[in-house]
Enquirer: 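Before I ask anything, let me first share the structure, which is written out below as structure tokens.
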Amino acid sequence: VPVKEGWNEAIVSAHDGQVFSFVNGVLVAKTGDSTCGTPGVPALEVFGGATAEIEIKEFAALSDLLPPPLPQVTLGLCTSLAGRALEQTRDVGFDYAEILATEVAAMSEDEFKVAVQRVKAVALPVISAILFLPSDLKVVGPDAKPDVQNAYLKKLLPRLSMLGLKMVVFGSGRARRVPEGFSKTDAYKQLVEFSRRAAVEAKANHMLVVVESLRSEETNMINTASEA
């Protein structure tokens with residue numbers, strides 16, 4: 001595709017575990033190689049104090065390490081509903097999208113109506129959501145408030161169902177982190193009780209809540225698949 005007059009062409013590609021960057025056909029950077037380009041001189045200055053425009057002509061995932069597509073295996077992307085993220089996810093070639101539950105919960109009624117129409121129009125299956133709970137909606141510890149949790153569930157889960165989702169992933173490490181000094185036994189009881197209420201609301205909306213085990217760096221509650 002010809003480059004527009006006055007434009008620079010930047011290409012980034014990956015081969016054999018290394019990333020190569022070209023500007024106007026010249027290799028300007030390579031991972032692990034300090035000999036490319038001129039030290040102290042930017043290869044391509046995008047925002048140099050003036051308005052700049054970027055046009056993405058092609059986005060392709062290339063790797064010799066990836067096996068060819070397998071029958072019955074689908075590939076999805078966790079993405080936002082903002083901007084043209086869904087359309088871009090579809091155009092790149094993903095089979096489905098996962099969206100952000102907290103983003104859906106935070107929408108106004110008008111924003112949500114627009115989101116429903118976009119999901120219908122994009123013709124890309126949106127099957128699940130991540131980020132089930134915001135970090136400040138605690139489900140364990142002294143700050144856990146069942147009435148606030150219930151209000152959130154009753155707002156969020158019907159919305160996800162209206163968007164066509166079948167499941168929501170319950171990771172939300174900070175929301176379920178046990179505060180220092182609080183009984184882990186009591187916290188576990190709180191988590192089970194919340195999960196049961198979430199399951200009831202999910203079932204009423206024809207959805208599943210999938211509990212995700214997280215690394216100990218992310219939370220101190222439910223860190224293995226057996227615990228989940």
Side-chain angles (χ1 to χ4, degrees), residues 73-83 85-86 89 94-109 111-112 115-116 119 124-228:
V73 175
T74 56
L75 186 64
L77 179 70
C78 298
T79 189
S80 168
L81 288 173
L86 277 182
T89 300
F94 286 100
D95 300 301
Y96 67 91
E98 284 191 331
I99 58 175
L100 315 179
T102 50
E103 184 179 54
V104 174
M107 290 179 177
S108 67
E109 289 299 328
E111 289 171 334
F112 178 67
V116 171
V119 169
L124 176 73
V126 180
I127 64 172
S128 60
I130 60 172
L131 297 182
F132 185 26
L133 306 173
S135 59
D136 59 352
L137 182 59
K138 305 300 183 184
V139 295
V140 301
D143 295 326
K145 297 178 174 61
D147 55 336
V148 177
Q149 299 164 6
N150 289 342
Y152 179 84
L153 293 172
K154 290 183 180 297
K155 178 181 181 181
L156 171 68
L157 292 172
R159 284 187 169 190
L160 295 181
S161 181
M162 289 177 64
L163 289 169
L165 276 68
K166 300 300 181 184
M167 70 181 76
V168 58
V169 180
F170 183 11
S172 308
R174 285 188 286 179
R176 73 187 202 211
R177 173 175 285 278
V178 184
E180 187 175 353
F182 192 83
S183 166
K184 197 161 187 177
T185 299
D186 291 342
Y188 185 79
K189 292 178 181 178
Q190 288 178 311
L191 182 60
V192 169
E193 196 270 335
F194 166 78
S195 298
R196 286 174 174 165
R197 284 186 280 114
V200 169
E201 190 66 33
K203 184 177 181 180
N205 288 280
H206 311 289
M207 294 185 62
L208 291 174
V209 177
V210 182
V211 180
E212 180 183 17
S213 58
L214 296 174
R215 301 176 306 145
S216 57
E217 291 85 355
E218 297 174 278
T219 190
N220 55 6
M221 177 69 77
I222 312 296
N223 301 120
T224 66
S226 60
E227 289 177 331

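In what follows, every heavy atom counts, from backbone to side chain, and hydrogens, waters and symmetry copies are set aside. All residue numbers refer to positions in the sequence shown, counting from 1. Small disclaimer: the values here were computed from a predicted structure and weren't measured.
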Enquirer: NZ of Lys203: more than 12 outside heavy atoms within 6.0 angstrom?
Expert: no
Enquirer: Tell me the closest heavy-atom pair linking Asn223 and Asn220, and the distance in Å.
Expert: OD1-C, 3.8 Å
Enquirer: May I have all residue pairs that pass ring-ring contact (aromatic ring centres under 6.0 Å, His included) and include part of residues 200-224, sequence neighbours excluded?
Expert: none
Enquirer: Between Ser195 (side chain) and Leu191 (backbone), is there a donor-acceptor pair under 3.5 Å?
Expert: yes
Enquirer: Does atom CD of Glu227 have more than 12 heavy-atom neighbours from other groups under 6.0 Å away?
Expert: yes
Enquirer: Shortest non-hydrogen contact from Ile222 to Arg176?
Expert: O-NH2, 2.9 Å
Enquirer: Please step through side-chain contact (heavy atoms from CB on, under 4.5 Å) for the pair Ile127 and Lys166, ending with a clear verdict.
Expert: CA-CA 6 Å; Ile127 64 172; Lys166 300 300 181 184; 5.6 Å; no
Enquirer: Would you be so kind as to tabulate the donor-acceptor pairs closer than 3.5 Å made by side chains of residues 131-148, with sequence neighbours excluded?
Expert:
from, atom 1, to, atom 2, distance (Å)
Lys138, NZ, Ser135, O, 2.9
Lys138, NZ, Arg174, O, 3.3

Enquirer: Should Met207 and Glu201 be marked as a side-chain contact (heavy atoms from CB on, under 4.5 Å) after you check the CA-CA gap, both sets of side-chain angles, and the distance that decides it?
Expert: CA-CA 9 Å; Met207 294 185 62; Glu201 190 66 33; over 6 Å; no
Enquirer: Tell me, please, which residues at least two apart from Val116 pass side chain to side chain contact (heavy atoms under 4.5 Å, CB included).
Expert: Phe112, Lys120, Leu163
Enquirer: Which atom names give the shortest non-hydrogen contact between Gly171 and Glu212, and what distance separates them?
Expert: CA-OE1, 3.6 Å
Enquirer: Verify the neighbour count for atom NZ of Lys154: are there more than 12 heavy atoms of other residues, nucleotides or ligands below 6.0 Å?
Expert: no
Enquirer: Using residues 99-109 as the side-chain source, report each donor-acceptor pair under 3.5 Å to any protein atom, sequence neighbours left out, with the distance given to one decimal.
Expert:
from, atom 1, to, atom 2, distance (Å)
Glu103, OE1, Ser80, OG, 3.3
Glu103, OE1, Leu81, N, 2.8
Glu103, OE2, Ser80, OG, 2.6
Ser108, OG, Glu111, N, 3.2
Ser108, OG, Glu111, OE1, 3.4
Glu109, OE2, Arg159, NH2, 3.0

Enquirer: Considering only NZ, NE, NH1 and NH2 on the basic side and carboxylate oxygens on the acidic side, decide whether Glu193 and Arg197 come within less than 4.0 Å.
Expert: yes
Enquirer: Between atom CD of Gln149 and atom CD of Gln190, what is the distance when rounded to the nearest 0.5 Å?
Expert: 8.0 Å
Enquirer: So, do Val126 and Leu165 sit near enough that their side-chain heavy atoms are less than 4.5 Å apart?
Expert: yes
Enquirer: Measure across Ala187 and Val178 and return the closest heavy-atom pair with its distance rounded to 0.1 Å.
Expert: CB-CG2, 3.6 Å
Enquirer: Short question: side chain of Asp95, backbone of Leu75 - any donor-acceptor pair under 3.5 Å?
Expert: yes
Enquirer: Please check if the side chain of Ser183 supplies one atom and the backbone of Asp186 the other of a donor-acceptor pair under 3.5 Å.
Expert: yes
Enquirer: Keeping to residues at least two apart or across chains, list the ring-ring contact (aromatic ring centres under 6.0 Å, His included) pairs with something in residues 180-199.
Expert: Phe170-Phe194
Enquirer: The criterion is side chain to side chain contact (heavy atoms under 4.5 Å, CB included); which residues satisfy it with Thr79, sequence neighbours excluded?
Expert: Leu77, Ala85, Leu86, Thr89, Ala97
